[in-house]
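Along the sequence shown, the residues carry numbers beginning at 1.
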Amino acid sequence: MAKQRISDMTEGNEMSLLLKFAFPMLVGNLFQQFYNMVDSIVVGNYVGKNALAAVGATSSLHFMFFSLCAGFANGAGVLIAQYFGCRDEKRLKTVIGNAWYPILGVSVLVSVLSLLLSRPILHLLNTPEVIFEDALLYMRILCGGIIFTGLYNGIAAMLRALGDSTTPLIFLIVASVLNVIGDLVFVLVFGLGVAGVAIATLLAQLIAAVGCMIYAVKKNPYFRLTKEDFLPDPYLIKKSLKLGIPFGAQGSLIAISCVILQGVINRFGEDVIAAFTATSRIETLVQQPFSSLGTAVATFTGQNLGAGYRERVKKGFWSSTVLVLIFSVAMLALMYLFGNDFIRLFVDDETVVGIGGRAVRITALFYFPLGMIYIPRSLMNGAGDSVFAFISGLVEVIGRVGFSLILSSFAQIGYWAVWYTTGLTWLITALACIARYVQGKWKYISLVEKPEKGSETGAVQSFSPCSH
């Protein structure tokens, strides 16, 4: 039997554990972004800049619907991590079994809603007529199959909560390679345009989800569940919902703010939309080390708070901050040296390249605040601070909406307001996240509770926090 990929993060050097966990996550995220970038590169170079703009015009909408599903997966992951840290193995399996009810239920609901609302939302955002039908088609295909995304993110979040960031990586790499092949086949051979890249992405996500699930059941003992583990447990489902709703709201609020910003962008025409699409792809790539490290921090926090080790959580925070600073400075230098070259990867139109090259130099100044959103926010998520999950999402809405409306009203700023809005929103959100960490409420949150002694059924009656 293959070695079980389960990592206990309650013992050992904090920075070493975080890096060891984050590295497979980073590789996986880079591969995922790679095939997202390939979508844009194939569309931009082989279909045209209008098709690239159509793909870009739907990215915020897709992220909004995706965030609702991801929130419930992440909520389940936090609960699983804390039970794992507490060493409550029997209850842990029941948590895993019950986590699928909110994850799959929300995925189906979001898929239906996205299909029904995609056309009116695109109209509401003033999507240019020249790209509207392509944008609608791309949106409906991707969001109609969001159940596949929910499946993969659910199983991946559960595995990561147990300290296994490698298994999701393996299947994501396979899916990424197949996605690239699918892009080329559906676009170049069958001439399906934006529909082709959407279909290729969905097939890749389905393969990653099924493969990851099969492997987890065969190799990870915590996924060898019985019928009893799947019996609905109102207490656990309520806990998952209590975490999943604000986590999903956090991502959705961020996405809504991006959708509103997209409406501002659309007023400036196809060149600015295409430039923003390219710069967004680059910024998303830059965010992957922050995102990977943030996921490591969330798992690290969940396991250690479940075990009662608050001081280790503090050490993990400062170790992560140092890593964020180093990477931010390195990326700032790269953007100032090669910004235009990065934009040319997506489109060869020199007007778009000129706009995008200057734009990435603007946002690069704010990379450290961007990283400092991920670290304290992930720590709060790992602690189960569901209140702040909603608050931090609200801060991003206020920032993107407020800055975009104010800055775009100045003629001398013009469309550069789009990228200044992005950077300033990162800054105020980072300050809010750091303030919440310093406040220290995360130290006193406990999600792990045990049934009262003497309960024969295992039903939850009264509880005491797990401690060592």
Check your understanding: Hey, what do you get for CG (Leu109) to CG (Leu104), rounding to the nearest 0.5 Å?
Key -> 12.5 Å
Point to revise | Check: Val360 and Phe342 side chains under 4.5 Å, non-hydrogen atoms | key: no
Review point. Step by step, would you call Met15 with Leu19 a side-chain contact (heavy atoms from CB on, under 4.5 Å)?
Key: CA-CA 6 Å; Met15 184 175 285; Leu19 285 172; 3.9 Å; yes
Practice item. Look at the side chain of Asp229 and the backbone N and O of Thr226, then say whether any donor-acceptor pair between them is shorter than 3.5 Å. Key: yes
Practice item. May I ask you to check whether Phe21 and Phe300 place their ring centres under 6.0 Å from each other? Key: no
Check your understanding: Does the side-chain contact (heavy atoms from CB on, under 4.5 Å) test come out yes or no for Ile121 and Met139, once each step is laid out?
Key -> CA-CA 11 Å; Ile121 292 176; Met139 176 74 183; over 6 Å; no
Point to revise | Shortest non-hydrogen separation from Glu14 to Lys315 and the atoms involved | key: OE2-CD, 3.5 Å
Check your understanding: Is there a donor-acceptor pair closer than 3.5 Å between any side-chain N or O of Ser319 and the backbone N or O of Gly316?
Key -> no
Check your understanding: Minimum heavy-atom separation for Ile428 to Gly399, with atom names?
Key -> CD1-CA, 3.7 Å
Point to revise | Residue pair Ile103 / Gly150: nearest heavy atoms and the distance that separates them | key: CG2-O, 3.8 Å
**Study point:** Separation of Cys212 SG from Asp164 CG (nearest 0.5 Å)
**Key:** 8.0 Å
Point to revise | Distance in Å, Thr421 OG1 paired with Trp426 CH2, rounded so as to fall on 0.5 Å steps | key: 11.5 Å
Review point. With distance as the sole test, does Arg91 use its side chain to make a donor-acceptor pair with the main-chain N or O of Tyr83 at under 3.5 Å?
Key: no
Review point. Taking the side chain from Tyr138 and the backbone from Val197, do they hold a donor-acceptor pair closer than 3.5 Å?
Key: no
Review point. Between Arg377 and Asp385, is there a side-chain N and carboxylate O pair less than 4.0 Å apart?
Key: no
Practice item. Could you pull out all residues at least two apart from Arg160 that satisfy side-chain hydrogen bond (donor to acceptor under 3.5 Å, both in side chains)? Key: none
Review point. Does a side-chain heavy-atom distance below 4.5 Å link Trp100 with Met158?
Key: yes
**Study point:** Results of salt bridge (Lys or Arg N to Asp or Glu O under 4.0 Å) for Arg140 - residues two or more places apart only
**Key:** none
**Study point:** Atom pair CG (Leu159) and CD1 (Ile96), whose distance is rounded to the nearest 0.5 Å
**Key:** 8.5 Å
Exercise for review: Using modelled atom types only, decide if a donor and an acceptor are shared between the side chain of Tyr152 and the backbone of Leu172 within a distance under 3.5 Å.
Suggested key: no
Exercise for review: Calculate, to the nearest 0.5 Å, the distance between atoms CD1 and CG belonging to Ile273 and Asn266 respectively.
Suggested key: 4.0 Å
**Study point:** Minimum heavy-atom distance between Ala364 and Met335, given as atom pair plus value
**Key:** CB-CB, 3.8 Å
Check your understanding: Gln303 versus Gln82: any side-chain heavy-atom pair under 4.5 Å?
Key -> no
Check your understanding: Tyr309 and Glu11: side-chain contact (heavy atoms from CB on, under 4.5 Å), yes or no, with the steps?
Key -> CA-CA 10 Å; Tyr309 300 151; Glu11 298 178 354; 5.7 Å; no
**Study point:** Nearest-0.5 Å distance, CG of residue Asn98 to OG of residue Ser240
**Key:** 7.5 Å
Point to revise | Under 3.5 Å donor-acceptor, Ser291 side chain and Gln287 backbone | key: no
**Study point:** Close side-chain approach of Thr301 and Asn381, heavy atoms under 4.5 Å
**Key:** no
Review point. Do Ser404 and Val418 have side-chain heavy atoms sitting under 4.5 Å apart?
Key: no
Review point. Ignoring hydrogens and geometry, is there a side-chain-to-backbone donor-acceptor pair from Ser111 to Ser107 under 3.5 Å?
Key: no
Check your understanding: Is Thr425 reaching over with its side chain to a backbone N or O of Arg400, donor-acceptor style, under 3.5 angstrom?
Key -> yes
**Study point:** Side-chain donor/acceptor of Thr299 to backbone N/O of Ala296, under 3.5 Å
**Key:** no
Review point. Does Lys314 have any salt bridge (Lys or Arg N to Asp or Glu O under 4.0 Å) partners at least two apart in sequence or in another chain, and if so, which?
Key: Glu311
Review point. Is Asn74 reaching over with its side chain to a backbone N or O of Ala70, donor-acceptor style, under 3.5 angstrom?
Key: yes
Practice item. For residues Leu305 and Trp442, determine if any side-chain heavy atom of one lies less than 4.5 Å from a side-chain heavy atom of the other. Key: yes
Check your understanding: Can you find a heavy atom in the side chain of Tyr215 that is under 4.5 Å from one in the side chain of Phe171?
Key -> yes
Exercise for review: Kindly determine whether Leu261 and Phe276 satisfy side-chain contact (heavy atoms from CB on, under 4.5 Å), including the steps that lead there.
Suggested key: CA-CA 11 Å; Leu261 180 60; Phe276 183 76; 4.3 Å; yes
**Study point:** Nearest heavy-atom neighbours spanning Pro24 and Leu169
**Key:** O-CD1, 3.6 Å
Check your understanding: For the residue pair Arg119 and Leu136, what are the closest heavy atoms and their distance?
Key -> NH2-CD2, 3.0 Å
**Study point:** Exceeds 12 heavy-atom contacts within 6.0 angstrom, atom CZ of Phe327
**Key:** yes
Review point. Can you check whether Phe223 reaches Leu162 side chain to side chain, under 4.5 Å on heavy atoms?
Key: yes
Review point. In terms of ring plane angle, is the pair Tyr437 and Phe317 parallel, tilted or perpendicular, where the classes change at 30° and 60°?
Key: parallel
